[in-house]
Structures are given as structure tokens and as C-alpha cells.
> 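One structure coming up, written as C-alpha cells, with questions to follow.
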Number of protein chains: 2
Amino acid sequence: MSIDADQMKAGSQRLRVTISDVSEALGLTKSTVSRALNGYADISESTRLRVRRAADKMGYRPLSHAQAIRTGRTKSLGLVIQMADHDAQRPFLAEFLSGLSQGASEEGWTLTIAASDSPETTFETFRTMIADRKADGFILPRTMSDDPRVKLLRASGIPFVLFGRCEDPAGCAWYDVLGEDAMQDAVRHLVALGHRRIGFINGGMQYTYGHLRREGFLTAMAEAGLKIEPEHMRENAVTIRDGEGRAHEILGSSPAPTAIVCAVDMAALGVYRAAAARGLQIGRDLSVISYDGIQDGAHVTPQLTTYSVDYTHSGRRLSALLIRRVMGEPVETLRETAQARFLNRGSTGPPA
Amino acid sequence: MSIDADQMKAGSQRLRVTISDVSEALGLTKSTVSRALNGYADISESTRLRVRRAADKMGYRPLSHAQAIRTGRTKSLGLVIQMADHDAQRPFLAEFLSGLSQGASEEGWTLTIAASDSPETTFETFRTMIADRKADGFILPRTMSDDPRVKLLRASGIPFVLFGRCEDPAGCAWYDVLGEDAMQDAVRHLVALGHRRIGFINGGMQYTYGHLRREGFLTAMAEAGLKIEPEHMRENAVTIRDGEGRAHEILGSSPAPTAIVCAVDMAALGVYRAAAARGLQIGRDLSVISYDGIQDGAHVTPQLTTYSVDYTHSGRRLSALLIRRVMGEPVETLRETAQARFLNRGSTGPPA
DNA sequence: TTCCTTGCCGAAACCGGTTTCGTACCCAAG
DNA sequence: CTTGGGTACGAAACCGGTTTCGGCAAGGAA
């Protein structure tokens, strides 16, 4: 048994087939094999095919860190998770990571992650990851209006891709879901139901999405000819507690709105609480439409009507875009947006 | 501006100080510098110091992937997240990752993660990560009773560390929180309050923790001379929905228990719902003690009394242990356990 | 036929480290 | 004064790839 283990270990070590093994088996040199596999023009099509087939048959897989020493590319994507955002991103972190990982591994890349406890250490984390070449590029979730991470990476010349858009698009590739369209649609939906007094609880205004969703809300309100009541507008609500507090403030005004649009689901769950505390029944006395599509929204009564974002898909697209960015594609061709999916559940109805 | 960027880029490229830069600056050879920095015995103390200081002053940082090609070690820890566990692990995934990342980066290592959608692809994911040397070792969360991951890694001779214990300890290092002690303590707490009929809703029995927590519960019940009612025992509840269903089953029996111990917080939140549906007030009509310490437990009324696990610390310890394992320490010295912290909040009281 | 391309591949340097091996030097013992 | 054994370092191979450069042979133009 110990012998078996040793043999197995020695075997798997010795059995790892290197580029030299392939070249010797074919009577070619390493350089030819390398260039054949990497699609250089000075290799004949027949040789390229011969090499490709032999490599596959022999099970040759280049070691990415061996390539890295010459190419400078590790084939790994970096993600720095900010602990401060935990509460806000907890609901979809798993899906997001899964998507990123899928997108990376589909191309044979990996995902390297680091966590930082505070905004200050975030910077340091990026610095060391960059200095040590831990990643060829970075995914930046939760784009901020004046994002220090963007500045740092731009200055360092390190590729990156945003989850969210950015005012100054220089050097920025991104993927984003059009929250402003969802907010517009939400208002239209409520207006169609007959609502005239609609409140808005926005998310974090340090993020770009805060301004975009605000615009979307305001646009649709103006479009419907509805007046904006400052009493019905709140922002920076990203947790249940935040949402609960803002909802109480809004519902305490008079006349109170008959519907509230929330920029994030967590805040909407807070609205549920405030409503319960005030004896208001969601969907009948107060309509709520939100955004994100977190799991918990399906576990409250009535189920939360929301615009659902596919975070797995978002992650996958972000990885794909970042890889193309690292490989040299210009940022202009690496900007994608998508629409959130409307989940029309039970939290809306005609005004009481 | 483009010139600045070029200079900066060229600068940072050229400025990266290699081992040769250090050796030339000192009038030594690469090999001497390398051995000095790596603590070889055939380097004089004075030289070692001189090298160490020069390297620090020059800001020399070895490239881990350059070292890897010779040493075989990437200095990276692997984690494969199973999508199937998402719902169960969602509440603490962020903290856990953060801890793992901290523990790794404290030693200059990194965390490489991959996600797998199904149990089948999990295996494949491990295989490719191993084959491509993406990680020097793996962290295995959610240890199962007959864990296929353990078999694979054992057979491959790849280091790993478990989050959770394991029946067959051969080759297994681990970190675990003693859930069985918490379950015992929970029962004692309830007994001290006067409860005689205590139910138990266990978590997933495919995991080792399921059996351990069951033992803990049974031990304390026997110790208190209380009878085990099969009607009051349920298992495999890891989501709110699960817990809700199990609670209804248990509470539908007669006589129903006056208290329920849950192996996981998510299930306990389900108990809250079932209780609400039945007009039972938690803490007065029904006592609940649970385990995990998830955030949501502080957001229900009354707050959930639970045994809180520090997932950040767990992650940090796991990384530290795995690194030592990769560096060659025998598994016997790499087994740590800790106690969960009792959060005595509002969900218990004397029996009605 | 000669010269010049062009296509295709080999030889060797290179990337940034680590590790093996050889050896000069110093000191003590014979 | 030679000899033997450490000590401390240099030289060079090595890890697994990539990339530059040069050259040979075939083919076309002069």
C-alpha cells in the first residue's frame, strides 16, 4: 500500500508530459512544437496538425506558470472582495463567484481572490497582487463614481473590467445590467396599475448604479407627468435595516405614497417590515417593486416583485471580457450590457 | 499622457527587481542570493544578513510562478465551491473566503477558487486543477462521511485540509468547531430552564457534522434522563423551507415538544415560520436554540439564540494549516478544533 | 545556370528563479 | 610543511516553457 502510493506518486510526477516529451516523440524540437501549438505562421499546416494531434493523444498540457515566466501572463483573473460590502453582496456572492469561475475555466484560466477588511487595505491588496503578478487583470465589482481602484489600475497599466459602468470610460471595459431601464419599467408598471404617488428608496450613492437608477426613476416619473416629492425619496439603503428606516420615514409623510420602488432587494425587505409594523399589507395597501432578484425575495409573503439580475451570467461575461482584454483587445469592443428580468410576483396591486 | 503611460509601464517593467539585480548589486551570484534568502546552511550568517537587507532595500520580491517551475510549488491554495451547497453555505461564504484569503496572504500565498455546478463536475474540476498544478493543496469545506474528494486527493498524494472531521483520519488534517459540544450545551441549557420534551432538527446527514451533532444531542438527553421521541427528531434540514416543514411535523405531534434544538440556523429560521403559522410565540410558547450564528438570526424577533461559529477565523486557521501541510508537516500535528460561542438571545425561555 | 525569395524548421538564448556540484580558502592536526 | 576536513561561495545545469535568429531547401525570376 505504501509502495502503491509511492509508485502512484512517482508515476504521476514522471508521467506529466512536457513539451520536450512531445517534441521527442515527433522528432521535432521544442521550439517547433511550441510555435505549432501557439499558431505561429511559420509552421506548415501539416506539421501543426501532426503536433496538435500528438499533443492531445499524449495528454500534454502546458504548465501555465511555466509559460508565465516568459510571457508574463499567469492566465489568472484577480478579484478583491471588500469586506465592507459584505452585507450588500452576500446574497449573490456565491452565484457571482460561480459565474466568474466558469467564465475563467472555460478558457483555461483561473480565478484568484483576495479579501480586504477595509477600503484602505483594499488598495494595499491590489498593490501586492499587482507587484507579485498574482493576476493578469482584475474584475472590479460595485463600480464607484470616483473609483480609486480604477485610478490605480489605470495608472499601473493593468487590465481590468468593471461590473457596472463608469463616467470616464477611458481604459474601461465593462459589463452591466441596465438598472435604470428596470427602474423606469417599474414606475410604468405602477402607473399602469393606477398609482400616482410613488416613492423611491435608492441604494448606495457612492456607486455609479445609484445615480443611474435614480435617473431611470425620475425619467419615468416625468414621463408619466408625476411630481417628485422629496418626502418620498430616500437613498443609501442597502440593508434590511436601512430599508426599514427609510420606509418608515417615507410612510410617515402625508400623503404617503401608495407604492415604493426600491433600487435593491435588501431595502425592499426592510419595507416589508416597516409595512408590517404599520399594519399595511404589501400588495394591497402598499405596492413594492425592487431590483436584484435575491433568493429571500421568494420567501416573503407576498413574494417580492423584482427585476432579477443573473449574477452567474454576469460573472461569466465579466471573465470572458477580461480575458479578451488581457489578450490585447481594445476596451471599446469590450463593453456589454444586459436587461434585468422582470419577476412579476405578488407585491404590487392597484392603489388602495 | 501616452508618453507618460508608456514610461510608467516601461518603468514598472524594468523596475521590477530580479534576483540577478540583487546579486549584481552585491557582487554575489544568483545562487548565493537564492540560498541566502531561503535559509540554506552553507551561507554565512553575515552574508545572509547582507543579502536580506539589500533585497529588502531594493524591494526584491521573488515571482512565485518563477519559483514554481523549479520547486513545483505555486504557493496557492485551492478551493472548489460546490454550487449544490449554495443555499446552505451562502450565509457565511463571504466570511469564510475572507478568512481563507487572510490566512493565505499572511504567508504570501494566494487563494485560487473554482466553482462546480454538480457533484460530478466537482470531480472533474479537482482533476484539472491537480493536473495543471493550479494549487499546491486544497481546502475541503463541508466534509462528508464518505467523501469522494478525500479519496481522490489521498490517491493523488495532494495535500488537503478538511473543514470538519473525518472517520478515517489517514492523511487528513483538519479544523473543526465542536458542534456536538454545542448541541449538548443547548440541551443542558433547555433542561435547566425546565424543558422535558425537546425536539431536534438536524442538518445534512451526508456530512460528518450531522452525525456528530446528533451524538451530542443524544448524549445530553441521556445525561438528563430524557426520553428520545422519534416524533421529535428530524434531519437533513439545511434551508428555511426544510426547517419549516420539519417543524410542522414535529409540532404536529402530541404531546409536542416545548423546545427544539436545530443543527443549523437556516432550519431554525424555518421553525420561526412554522411557529408563527401555528400561533406560537418563539421564546414563550416554543424555545429554539440553534447553531451557526448567521446574520439573519439577529434580524428576527425574538433574536435567535444560537452557537456562533467564527467562519472568518475558521478560514484563517484552515489556510494556515494547509500551508504547513504543503510544506511537509505531518497531518498528526495539523488538527485543530474550537468551540462555538453561545449567543444567548431571546429565543428561549421556560416551558409554557 | 544563377540569384533571390519564401517557406519551414532547428539551434540557442531567454525568462527568473532553484539546486547540484565543485572548489578555493582557512584552520587544525599530523 | 603537508594533509585533512569544514566552511562559504561560484559555476553551471536545470525547471518547462517562449521567442529570436539563422539557415537549408525548394521554387520562381532573371
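The chains referred to below are lettered A, B, ... by the order of the sequence lines, with proteins before strands, and numbering in each begins at 1.
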> What is the first contacted nucleotide of DNA chain D and what is the last, in 5' to 3' order, if contact means an atom lying under 4.0 angstrom from a heavy atom of chain A?
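So the contact region on DNA chain D extends dG16(D) to dC21(D).
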> Within 45 degrees of the ring normal and closer than 6.0 Å to the centroid, is that where the cationic atom of Arg335(B) sits relative to Trp174(B)?
yes
> Residues in salt bridge (Lys or Arg N to Asp or Glu O under 4.0 Å) with Glu45(B), at least two apart?
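Glu45(B) satisfies salt bridge (Lys or Arg N to Asp or Glu O under 4.0 Å) with Arg48(B) only.
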> For the helix from dT1(C)-dA30(D) to dG30(C)-dC1(D), measure the angle between the helix axis at one end and the axis at the other, each built from five pairs, rounding to 10°.
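Here the local axes at opposite ends form an angle of 70°.
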> Determine whether the side chains of Lys134(A) and Thr128(A) contain a donor N or O and an acceptor N or O closer than 3.5 Å.
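No, Thr128(A) and Lys134(A) have no side-chain donor paired with an acceptor closer than 3.5 Å.
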> Counting N and O atoms only, with roles assigned by atom type, does the side chain of Ser156(B) sit under 3.5 Å from a partner on the main chain of Ile158(B), one being a donor and the other an acceptor?
no
> Taking atom CZ of Arg52(A) as the centre, report whether more than 12 heavy atoms of other residues, nucleotides or ligands fall under 6.0 Å from it.
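Enclosed: over 12 neighbouring heavy atoms sit under 6.0 Å from CZ of Arg52(A).
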> Quick one: do Asp132(B) and Arg61(A) make a salt bridge, cutoff under 4.0 Å?
yes
> Would you say Asp147(A)'s side chain and Thr143(A)'s backbone share a donor-acceptor pair under 3.5 angstrom?
no
> Assign the ring pair Phe163(B) / Phe96(B) to parallel, tilted or perpendicular, where the plane angle (0 to 90°) is split at 30° and 60°.
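Aromatic pair Phe163(B)/Phe96(B) classed parallel.
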> Quick one: is dC9(C) close enough that its OP1 or OP2 comes under 4.0 Å of any side-chain N or O from Thr32(A)?
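The answer is no; no side-chain N or O of Thr32(A) sits under 4.0 Å from OP1 or OP2.
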> With distance as the sole criterion, is a donor-acceptor pair present between the side chains of Thr29(B) and Thr32(B) under 3.5 Å?
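Yes, side-chain donor-acceptor contact under 3.5 Å.
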> Assign Thr71(B) to base, sugar-phosphate, or nothing according to its heavy-atom contacts below 4.0 angstrom with the strands shown.
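It contacts sugar-phosphate atoms only.
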> Are Asp146(B) and Lys151(B) ion-paired here, with the side-chain N under 4.0 Å from a carboxylate O?
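Salt bridge flag = yes for Lys151(B) with Asp146(B).
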> Using a 4.0 Å heavy-atom cut-off across all strands, classify Ser34(A) as base, sugar-phosphate, or nothing.
base
> Does a donor on one side chain and an acceptor on the other come within less than 3.5 Å for Ser116(B) and Gln82(B)?
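Not at all, the side chains of Ser116(B) and Gln82(B) share no donor-acceptor pair under 3.5 Å.
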> Ser105(A): which residues meet the side chain to side chain donor-acceptor pair (under 3.5 Å) condition with it, sequence neighbours left out?
none
> Can you pull out the residues from residues 36-56 of chain A that lie within a 4.0 Å heavy-atom distance of DNA chain D?
Asn38(A), Tyr40(A)
> Can the ring centroids of Tyr311(A) and Phe92(A) be said to lie less than 6.0 angstrom from one another?
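Yes.
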> Does any residue of residues 60-69 of chain B have a heavy atom under 4.0 Å from DNA chain C, and if so, which ones, in number order?
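Per residue number, the list reads Tyr60(B), Arg61(B), Pro62(B), Leu63(B), Ala66(B), Gln67(B), Ile69(B).
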